[in-house]
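Here is the structure we will look at.
Remember, it's 1-based here, ligands and their atoms both numbered in the order they're listed.
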Amino acid sequence: MTRSYSIRKRVMVTGGAGFLGSHLCERLLGQGHEVLCVDNLFTGTKQNIEHLIGNPAFEFMRHDVTFPLFVEVDEIYNLACPASPIHYQHDPVQTTKTSVHGAINMLGLAKRLGCKILQASTSEVYGDPVVHPQGEDYWGHVNPIGTRSCYDEGKRCAETLFFDYHRQHGVKIKVARIFNTYGPRMHPADGRVVSNFILQALRGEPITLYGDGSQTRSFCYVDDLIDGLMALMATGDDVTGPVNLGNPNEFTIRELAEKVVARTGAGSELVMKDLPSDDPKQRQPDIGRARSVLGWEPRIQLEEGLTPTIDYFQRFV
Ligand SMILES: NC(=O)c1ccc[n+]([C@@H]2O[C@H](COP(=O)([O-])OP(=O)(O)OC[C@H]3O[C@@H](n4cnc5c(N)ncnc54)[C@H](O)[C@@H]3O)[C@@H](O)[C@H]2O)c1
């Protein structure tokens, strides 16, 4: 008989009280692991993890990853970082520190423990891409001094640190480049397109399209994304990434707005506003590497994922 404690790991999730982190904590607990959720609650909330508190395998620690942390764990998922422009531009210096100092602190911990560490990187490392779809070998087209740079360049530098800790110190790294993900527990005030459209529709307000709505995005449902992160973590030490994780199905922003209106049954009209600076016109993952290395691809299509997301947002109306 398998003795369950022999496969039970103690897994740390930084940013564990956020949107993606809370789903990841839940899934890890579901697999029988112990979870240490580390978060400074900047954009994350205790509500996101309240259903986990009381579970003896779950522990929450309020901590800012820009400061060193000494704990004993078997694996680290480094997700701590505000992810939406409204939040990461609120205190851009802190955003860069979170990515860079956070990476140094977590990599230092992984080095000491000899454990695997996964970085939640982002499609933003590709900037406003001139190559479509974006494969992992594309180096990106990023403005180093714009208002989004604190996030984009912070995440790029974090990737550099991951690969240098790997080359120089042999740290077992995994780098996931996450593309737009949506689902329940997205921050309602994050200004991101999915949450914005859903809230506007549920409130019967006009839906704001930036530009003419012809810019395209691909949207990955949170459950698929968590599958991808966990599949990447489960790979052997030779697999470092970067690996794109996202849904390659492209929609224009206008199509998304129309789907949200149809799903909510709202009578909202669509209105147009100016595009914010550095807003990428197109973003689409090439997930060939994730398919071949992880055997992963998203299963949940936009229509299906919108329903639980809209249900979740009802509480904010
Ligand atoms: N959601 C997406 O579409 C998406 C896309 C690309 C990359 N990512 C990456 O995935 C990760 C999680 O994103 P999310 O969408 O869940 O965002 P989120 O804002 O909901 O979660 C981030 C969490 O990190 C915490 N945090 C921020 N700064 C911290 C610090 N200094 N110390 C400790 N905790 C800190 C926040 O409180 C929050 O709980 C981020 O690293 C983000 O860059 C997300």
Side-chain angles (χ1 to χ4, degrees), residues 12-26 36-49 60-69 76-106 117-126 134 148 150-159 162 175-195 217-226 228-229 232 242-247 280 283 285 298 305 309 312:
M12 177 163 96
V13 179
T14 75
F19 161 47
L20 298 181
S22 61
H23 285 273
L24 179 59
C25 290
E26 203 175 280
L36 173 61
C37 167
V38 172
D39 202 298
N40 70 349
L41 299 181
F42 173 50
T43 49
T45 63
K46 284 195 184 158
Q47 283 87 333
N48 284 344
I49 48 167
F60 172 68
M61 181 191 289
R62 191 165 181 155
H63 173 80
D64 183 328
V65 295
T66 64
F67 296 96
L69 180 64
I76 301 170
Y77 286 86
N78 188 36
L79 273 62
C81 186
S84 69
I86 286 184
H87 292 131
Y88 68 64
Q89 289 170 7
H90 170 75
D91 185 348
V93 172
Q94 173 67 9
T95 298
T96 305
K97 279 187 184 171
T98 295
S99 279
V100 177
H101 294 193
I104 292 169
N105 289 328
M106 293 309 123
I117 178 166
L118 181 146
Q119 166 69 354
S121 190
T122 168
S123 57
E124 296 281 337
V125 299
Y126 299 122
Q134 292 87 51
R148 300 174 79 109
C150 58
Y151 184 71
D152 302 7
E153 297 289 23
K155 288 285 189 177
R156 285 170 68 94
C157 183
E159 285 200 10
F162 267 68
V175 174
R177 290 188 180 150
I178 302 170
F179 284 66
N180 261 349
T181 303
Y182 70 100
R185 300 195 211 121
M186 289 180 85
H187 198 294
D190 67 3
R192 283 198 253 188
V193 65
V194 174
S195 42
R217 291 290 184 276
S218 52
F219 304 99
C220 185
Y221 188 63
V222 61
D223 290 357
D224 281 333
L225 195 276
I226 302 300
L229 291 179
L232 178 57
V243 179
N244 287 340
L245 294 177
N247 192 324
R283 211 39 106 39
T309 313
Y312 172 77

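- Residue nearest to atom 8 (N) of ligand 1, selected from Y182, F179, Y151, F19: Y151 (by heavy-atom distance).
- Side-chain N or O atoms of N48 include one that pairs as donor or acceptor with a backbone N or O of A17 at under 3.5 Å.
- With hydrogens and angles left out, the side-chain atoms of N78 and T14 include a donor and acceptor closer than 3.5 Å.
- The two residues Y88 and T95 make their nearest non-hydrogen contact at O-OG1, 2.7 Å.
- Of the N or O atoms in S121, none lie within a sub-3.5 Å distance of an N or O in ligand 1.
- Between the choices N40, N105, D64, T14, the shortest heavy-atom distance to atom 35 (C) of ligand 1 belongs to N40.
- When each atom of ligand 1 is checked for a heavy atom of G44 under 4.0 Å away, the hits are 36 (C), 37 (O), 38 (C), 39 (O).
- The distance criterion of under 3.5 Å between nitrogen or oxygen atoms is not met by N78 with respect to ligand 1.
- The shortest N/O to N/O separation between V65 and ligand 1 falls below 3.5 Å.
- Contact of the V65 side chain with the T98 side chain is registered, since non-hydrogen atoms from C-beta on lie closer than 4.5 Å.
- Within the structure, the closest approach of R192 to ligand 1 falls below 4.0 Å when heavy atoms are considered.
- Heavy atoms of R177 come nearer than 4.0 angstrom to ligand 1 in no pair at all.
- Put simply, the side chain of R177 reaches to within 4.5 Å of the side chain of S121, judged on heavy atoms.
- Remark: distances from the non-hydrogen atoms of G102 to ligand 1 are all 4.0 Å or more.
- With salt bridges taken as basic N to acidic carboxylate O contacts below 4.0 Å, one links E124 and R148.
- At least one heavy atom of H63 sits closer than 4.0 Å to an atom of ligand 1.
- The distance criterion of under 3.5 Å between nitrogen or oxygen atoms is met by C81 with respect to ligand 1.
- Considering backbone and side-chain N/O of S123, none are found under 3.5 Å from N/O of ligand 1.
- Remark: ligand 1 and T66 share no N or O pair separated by less than 3.5 Å (distance only, no angle test).
- Distances from ligand 1 to the non-hydrogen atoms of K155 include at least one value under 4.0 Å.
- For the pair T45 and R185, the minimum side-chain heavy-atom distance is 4.5 Å or more.
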